[in-house]
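A short write-up of the structure that comes next.
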Amino acid sequence: IKSLNQNPMNFGARYVLADLYRRQGSLLKALDVMKEGLGWTRPKGQPDINYVVAVALLYRQSGDEETYQRLINEAAARA
């Protein structure tokens, strides 16, 4: 958490923290951590495709199939 406060674009820390929350059964906390990262763009001005897919998969696990599909479509359009 401290690492993200210092550098919100630390996507590695986001993956690790979200995975920790998910393993503890806190899927909504994991989603919050990863969703926030969607707002931080990479040098080309868009989030990394792999990151978008990772967030989409968390949405699917949470039962939000509509958001999952929207994000998967976004990722496919960028590929």
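A heavy-atom distance below 4.5 Å is found between the side chains of Gln61 and Arg22. At least one side-chain heavy atom of Lys35 sits under 4.5 Å from a side-chain heavy atom of Tyr59. Using a 4.5 Å cut-off on side-chain heavy atoms (C-beta onward), Asp48 and Phe11 make no contact. At least one side-chain heavy atom of Val52 sits less than 4.5 Å from a side-chain heavy atom of Arg78.
Remark: side-chain polar atoms of Asp19 are not paired, donor with acceptor, to backbone N or O of Tyr15 under 3.5 angstrom. Judged by distance alone, with hydrogens and angles left aside, the side-chain atoms of Arg14 form no donor-acceptor pair with the main-chain N or O of Met9 at under 3.5 Å. Panel note: side chain Tyr51, backbone Met34; a donor-acceptor pair is recorded below 3.5 Å.
The distance from the CG atom of Leu71 to the CG atom of Leu38 is 6.5 Å, given to the nearest 0.5 Å. To the nearest 0.5 angstrom, Lys29 atom NZ is 9.5 Å from Asp32 atom CG. Atoms CG and OG1, on Leu58 and Thr67 in that order, are 12.0 Å from each other to the nearest 0.5 Å.
Partner Tyr68 forms a side-chain contact (heavy atoms from CB on, under 4.5 Å) with one of Arg70, Glu65, Glu66 and no other, that one being Glu65.
Contact between Ala18 and Ala30 at its shortest, heavy atoms only, is O-CB, 3.3 Å.
Note: the hydrophobic cluster containing Leu4 does not contain Val16 (ILVMFWY, side chain heavy atoms under 4.5 Å, direct or indirect links).
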